[in-house]
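For reference, the structure discussed in these notes is given below.
Note that ligands are numbered from 1 as they come in the structure, with each ligand's atoms numbered from 1 the same way. A quick note: this is a predicted structure, and the numbers were derived from the prediction, not measured.
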Amino acid sequence: MKILVTGANGFIGSALCALLLSNGHEIHYVTTSIKKIKNTPNFKGFLWKPHNNEIDLHCLNGVEAIINLAGHTINCPWTERNKALILESRLNTSQLLFNTLQNNQNTVKYIISASAIGIYKSSVTEMYFEESTNLGDDFLATVCKQWEKENLRFNDLGIKTAIVRFGLILSKEHGVLYELAKVVSKGFGACLGNGKQWMSWIHFEDVIQIILHLLVSNRVGVFNLVGPSVVTQKQFLTLLAHQLDKPLWLPNIPSFAIKMALGERSALVLSSQKVSSLKIEKTGYAFKFQALDIALKDLYNT
Ligand SMILES: NC(=O)c1ccc[n+]([C@@H]2O[C@H](COP(=O)([O-])OP(=O)(O)OC[C@H]3O[C@@H](n4cnc5c(N)ncnc54)[C@H](OP(=O)(O)O)[C@@H]3O)[C@@H](O)[C@H]2O)c1
């Protein structure tokens, strides 16, 4: 199948493209950077400038499915300018794809778009399923709600649509695990806040395998991409410290200190989402990494 990937050069996109290629798929991708354009037989890059509504229409030639991952990184200071970039980059890209598909003949039948479990309201008691209506109203939740609304519009074009709400994706080189391990490996690990926040983690290999699974089975609707064993932050840090053979002896860092240091971004470490993986399991997907200690062992020993 020929697949158009947006955000193909990013953390998830690059691993996903490698998996898709190894499964015999052909990839077109759009990038905002001319330097990232490659032109090999099965992996072809095209330029787009979503903020100017510009896209190279050749990117759609023969494409049957789209995987939409593009968006400005959230790992930056949340200044008003960056917050606008984080939101607008996601809306611009989705809108440009929508308008392009609406106004041009194409063969696209299926689309998967990214979102995040940050859409759910922070809670230490509630278990979140895809149909939960208790959505947050902080910055990330607001971005996710608008982003999902935009992406669900592909249904109006008769395109089968799936939304994947990513949990805390575990990788040694990126994201939350990378940041926490930097501190824990120096022996300075400590719970952030009261440590009771739920961390709905998923090994990055399960993330890309699930996207492939959804793609080949053309599943529609919203899916939580989290593993089956959610843990509290204290449990997470304890297992991480054990894996890195470091102590976790410091007292908790109180929430107010984190809020003072990180401002609104403190939500990234203080918010709590206990999210269910049941729906994805019911589609027949068998998680490779069910337990956190096994996932950490795999990441640090390979
Ligand atoms: N990683 C996670 O733990 C996680 C969790 C929840 C949600 N997500 C979401 O999943 C998506 C993929 O995540 P990721 O970690 O792979 O992200 P990433 O590494 O930051 O990559 C995102 C890609 O988006 C493109 N991009 C950046 N700014 C853009 C802009 N202004 N306009 C158009 N494209 C732009 C870039 O591609 P080019 O440079 O080639 O244009 C970049 O490679 C992101 O939207 C992210 O918010 C990720």
Legend entry - Glu126 bridged to Lys121 by N-O distance under 4.0 Å: no

Legend entry - Heavy atom of Arg165, distance to ligand 1 below 4.0 Å: no

Legend entry - Closest approach of any protein heavy atom to atom 2 (C) of ligand 1, naming residue and atom: Ile169 CD1, 3.6 Å

Inset, instruction - Have a look at ligand 1 and work out which part of Thr93, if any, has a heavy atom under 4.0 Å from it: side chain, backbone, both or neither. - result: side chain

Legend entry - Residue, atom name and distance, where the atom is the protein heavy atom closest to atom 46 (C) of ligand 1: Arg90 NH2, 3.6 Å

Legend entry - ILVMFWY network linking Leu16 to Val226, side-chain heavy atoms under 4.5 angstrom: no

Legend entry - Proximal ligand 1 atoms for Ala114, defined as those under 4.0 Å from one of its heavy atoms: 10 (O)

Inset, instruction - Tell me yes or no: between the side chains of Tyr29 and Asn9, is some donor less than 3.5 Å from an acceptor? - result: no

Inset, instruction - Determine whether Ile211 and Trp147 fall in the same hydrophobic cluster, where Ile, Leu, Val, Met, Phe, Trp and Tyr are linked whenever their side-chain heavy atoms lie under 4.5 Å apart. - result: no

Inset, instruction - Please confirm whether Ile74 comes under 4.0 Å of ligand 1, counting heavy atoms of the residue only. - result: no

Inset, instruction - Would you please indicate if the ring centroids of Phe46 and His28 are separated by under 6.0 Å? - result: yes

Inset, instruction - Mind telling me whether Phe204 and Phe11 have parallel, tilted or perpendicular rings, with 30° and 60° as the class edges? - result: tilted

Inset, instruction - Would you mind running through ligand 1 and noting each atom that sits below 4.0 Å from a heavy atom of Ala116? - result: 6 (C), 7 (C)

Legend entry - Over-ring placement of Lys160 relative to Tyr110, 6.0 Å and 45° cut-offs: no

Inset, instruction - Considering only non-hydrogen protein atoms, determine which one is nearest to atom 38 (P) of ligand 1 and report residue, atom name and distance to 0.1 Å. - result: Thr31 OG1, 3.4 Å

Legend entry - For atom 32 (N) of ligand 1, closest protein heavy-atom neighbour: Thr32 CG2, 3.8 Å

Inset, instruction - Would you mind checking which non-hydrogen protein atom is closest to atom 30 (C) of ligand 1, with the distance to 0.1 Å? - result: Ser89 CB, 3.7 Å

Inset, instruction - Have a look at Phe11, Phe166, Trp147 and point out the one with the heavy atom closest to atom 8 (N) of ligand 1. - result: Phe166

Legend entry - Sub-4.5 Å side-chain heavy-atom contact between Thr283 and Phe223: yes

Legend entry - For His72, atoms of ligand 1 separated by under 4.0 Å from a heavy atom: 27 (C), 28 (N), 29 (C)

Legend entry - Any N or O of Thr73 closer than 3.5 Å to N or O of ligand 1: no

Inset, instruction - Please confirm whether the backbone N or O of Leu69 pairs with a side-chain atom of Thr6, one donor and one acceptor, at under 3.5 Å? - result: yes

Legend entry - The one among Ser171, Gly10, Gly71 that brings a heavy atom closest to atom 24 (O) of ligand 1: Gly71

Legend entry - Shortest protein heavy-atom distance from atom 13 (O) of ligand 1, along with the residue and atom involved: Ile12 CD1, 3.5 Å

Inset, instruction - From atom 12 (C) of ligand 1, work out which of Leu168, Leu16, Val5, Leu69 has a heavy atom at the shortest distance. - result: Leu69

Legend entry - Side chain, backbone, both or neither: Ser115 near ligand 1, heavy atoms under 4.0 Å: backbone

Inset, instruction - Look at atom 37 (O) of ligand 1 and say which protein heavy atom is nearest, naming residue and atom and giving the distance to 0.1 Å. - result: Gly7 CA, 4.2 Å

Legend entry - Which residue and heavy atom of the protein sit nearest atom 39 (O) of ligand 1, plus the separation: Lys36 NZ, 2.6 Å

Legend entry - Phe139 ring center near Trp78 ring center (under 6.0 Å): yes

Inset, instruction - Identify, by atom number and element, the atoms of ligand 1 in contact range of Asn9, meaning under 4.0 Å from any of its heavy atoms. - result: 40 (O), 43 (O)

Legend entry - Non-hydrogen side-chain atoms of Leu4 and Val30 separated by less than 4.5 Å: yes

Legend entry - Modelled atom types, side-chain donor and acceptor of His25 and Asn23, under 3.5 Å: no

